[in-house]
Amino acid sequence: MSPEYRTSSRLGPRAKSRFKRVAGLASAALVVAIGLVTPAAAHTRGMTAHVGAPYADYCGKERKDKCKKPTPPPLPPTGCFDIDSTVQDPDKFIAVVCNGRVYVLTVRETPPSGPPMPINPPGWKFVGGPTNVVDVTLASRANVVYVSVLTATGRVYQGICGATEPIGTCTFYSLPTPP
């Protein structure tokens, strides 16, 4: 087609390309919004390369130089690294975090002149709950031991355990995510 018969435009070739891309995005978004197709269907039908594609797909295919690689979720440290205790007369409960799990030792406190006596068996006992714990706190009240934990992903759980000799398995409940 010769230049005489083309519609004149004040937009340059780059601006035209951007305008077409935005128009395609808008039409695909409208189709998805009114529910005619799902985002995945819009993507497979070629309506646009962006609608319905996960950010990682878009990043990996078209803009490798401008995208950050996703970071894996943090892992708890290995070994034993946190400890807390509480007293529910006549026993003391000591919790420790080892390899992301919470273990509790039940100890019978003797008069000040004698050493503490761990209730054996089982010694240190895994009390259940999440397995990516980074911090533990204990509290007790009315024959109940409360085990509060923070996970490597930032979630908070509270375990409720009977103050038995030795402590039994706890029932853990998820609490709201902290800010």
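Positions are given from 1 along the sequence.
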### Message
How long is the straight-line distance from CG of Leu150 back to CG of Asn132, given to the nearest 0.5 Å?
### Response
9.0 Å

### Task
For residues Ala163 and Val145, report the shortest heavy-atom separation together with the two atoms involved.
CB-CG2, 3.9 Å

### Task
Identify, with sequence neighbours excluded, every residue that meets side-chain contact (heavy atoms from CB on, under 4.5 Å) alongside Asp91.
Phe93, Thr106, Arg108, Glu165

### Residues in side chain to side chain donor-acceptor pair (under 3.5 Å) contact with Thr153, at least two apart in sequence or another chain
Thr151

### Message
Is any side-chain heavy atom of Cys80 closer than 4.5 Å to one of Val97?
### Response
no

### Message
Show, in sequence, the C-alpha distance, side-chain angles and deciding distance for Trp124 and Val104, and conclude whether the side chain to side chain contact (heavy atoms under 4.5 Å, CB included) test is met.
### Response
CA-CA 5 Å; Trp124 291 99; Val104 177; 5.7 Å; no

### Task
List in chain and number order the residues that pass side chain to side chain donor-acceptor pair (under 3.5 Å) with Ser140, two or more places apart in sequence or in another chain; answer none if no residue qualifies.
Thr86

### Task
Tell me, please, which residues at least two apart from Ser85 pass side-chain contact (heavy atoms from CB on, under 4.5 Å).
Lys92, Ile94

### Query
Would you say the side-chain atoms of Asn99 pair up with the backbone N or O of Thr78, donor to acceptor, closer than 3.5 Å?
no

### Task
Check whether Val87 and Leu138 end up in the same hydrophobic cluster, where Ile, Leu, Val, Met, Phe, Trp and Tyr are linked by side-chain heavy atoms less than 4.5 Å apart.
no

### Query
Rounded to the nearest 0.5 Å, how far apart are NZ of Lys125 and CD1 of Ile167?
8.0 Å

### Query
Do Tyr157 and Leu175 have side-chain heavy atoms sitting under 4.5 Å apart?
no

### Message
Once side-chain contact (heavy atoms from CB on, under 4.5 Å) is applied, do any residues pair with Cys170, and if so which ones, sequence neighbours excluded?
### Response
Val127, Val147, Cys161, Phe172

### Task
Give the other cluster members for Met117, using side-chain heavy-atom distances under 4.5 Å between Ile, Leu, Val, Met, Phe, Trp and Tyr residues; answer none if it is isolated.
none

### Summary
Heavy-atom nearest pair, Pro178 first then Gly154, reads CD-O, 3.3 Å

### Query
Tracing side-chain links under 4.5 Å among I, L, V, M, F, W and Y, which residues wind up in one group with Tyr173?
Val144, Tyr146, Ile160

### Query
So which pairs with a foot in residues 132-160 pass salt bridge (Lys or Arg N to Asp or Glu O under 4.0 Å), sequence neighbours left out?
none

